[in-house]
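Working notes for the structure below.
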Protein chains: 2
Amino acid sequence: MTPAATAAGTRDLPHPARDDIRLEGVLHALSDPVRLRIVRDLAADGDELFSCSHFDLPVTKSTSTHHFRVLRETGVIRQTYRGTAKMNGLRKDDLDVLFPGLLDALLAAAARQAARLGTD
Amino acid sequence: MTPAATAAGTRDLPHPARDDIRLEGVLHALSDPVRLRIVRDLAADGDELFSCSHFDLPVTKSTSTHHFRVLRETGVIRQTYRGTAKMNGLRKDDLDVLFPGLLDALLAAAARQAARLGTD
DNA sequence: CGGCTCGTACGATAGCCCTCGTAGTACGGC
DNA sequence: GCCGTACTACGAGGGCTATCGTACGAGCCG
């Protein structure tokens, strides 16, 4: 018996409830370039889900895990297991209810800056 | 002669040029509750300028200075001396050019959360 | 079963950041 | 000239965080 992973196949990950999402936390999560990049990539493909390894990040796997966890714990993304892969999706529905228009404005701002700096 | 403060009366403060303002920096600046509160208060009164001591912040004056400096160095506010007081104003014009709609969305999100949590 | 890939956990390191206290500078008024 | 007010500079403490390496657990595939 494994110590922690209770049942088999479906390990659940802790997500904050929608009402527990805080603006400060979201802004802090998005103030890191790596995490902002992840969110932009997620938003670019609509409601698609992507595994962690799908992203080409300039950090090691350990650090990736850390960033994905920060995004999940602040309520920006939702993570679910699918086999050995972990699928990531934006919590756009919840964020739009809490802060209407904010996510779109942030993504637009990020896109604009990327275009301006040629760092796309 | 004082070592640093060149001329008399008008000490200039270093502000980033508009094109040097970074979205990550702005988000980081606004991810602190004290600084978010400052920005909200500044935005509430339109184009008014306020001295640092005008704000009733839950921190000491040293920490206030620190927060105002962070806001200035990230390009969120503009600071100018007026006598012994330092007047603070939002750089709404520059931010609106760089990131149209972002500031309003952020302020709306902050107001919405404050109303929801009763922390106004 | 044996290995392979995906992701995690843990520890360590280094850097940043929020907070404060104290000491000091700049300006205005008496 | 002198004092009070407004803000700053400096240094220190404590905590968080970004990064990595290594070692490990979970599921798939041959």
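Below, each value reflects all heavy atoms present in this structure, side chains not excepted, and no hydrogens, waters or symmetry copies. A note on names: the letters A, B, ... follow the listed sequences, proteins ahead of strands, and every chain is numbered from 1. Computed from a predicted structure; not experimentally measured.
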For the side chain of [X], counting heavy atoms from C-beta on, which of [options] is nearest?
X: A/Ala85; options: C/dG7, D/dA9, C/dC20; value: C/dG7
X: A/Val59; options: D/dC20, D/dT5, C/dC6; value: D/dC20
X: B/Asp32; options: D/dT19, D/dC7, C/dC18; value: C/dC18
X: A/Cys52; options: D/dA18, C/dG7, D/dG21; value: C/dG7

Please determine whether a side-chain nitrogen or oxygen atom of [X] lies at a distance below 4.0 Å from atom OP1 or OP2 of [N].
X: B/Thr84; N: D/dC7; answer: no
X: B/Arg35; N: C/dC18; answer: yes
X: A/His54; N: C/dC6; answer: no
X: A/Thr60; N: D/dC20; answer: yes
X: B/Ser62; N: D/dC7; answer: no
X: A/Thr65; N: C/dG7; answer: no
X: B/Arg82; N: C/dG28; answer: no

Under 4.0 Å, heavy atoms only, any strand: does [X] hit a base, just the sugar-phosphate, or nothing?
X: B/Ser64; answer: nothing
X: B/His66; answer: base
X: A/His28; answer: sugar-phosphate

How many Å lie between [atom1] on [X] and [atom2] on [N], as a whole number?
X: A/Leu57; N: D/dC20; atom1: CG; atom2: P; value: 11 Å
X: B/Phe68; N: D/dA9; atom1: CZ; atom2: C1'; value: 17 Å
X: A/Glu73; N: D/dC16; atom1: CD; atom2: P; value: 13 Å

N/O donor-acceptor pair under 3.5 Å between B/Arg35 side chain and B/Ala29 backbone: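 Yes; judged by distance alone, with no hydrogens or angles, the pair exists.
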Residue pair A/Thr65 / A/Ser62, side-chain donor-acceptor N/O under 3.5 Å: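 No.
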Single-linkage hydrophobic cluster, 4.5 Å side-chain cutoff, A/Tyr81 and A/Leu42 together: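 Hydrophobic grouping puts A/Tyr81 apart from A/Leu42.
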Aromatic ring pairing B/Phe55/B/Phe68, orientation class (parallel under 30°, perpendicular over 60°, tilted between):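 Rings of B/Phe55 and B/Phe68: tilted, 30 to 60°.
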Nearest heavy-atom neighbours spanning B/Gly75 and B/Ile21: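 Taking B/Gly75 first and B/Ile21 second, the nearest heavy atoms are O-CD1, 3.6 Å.
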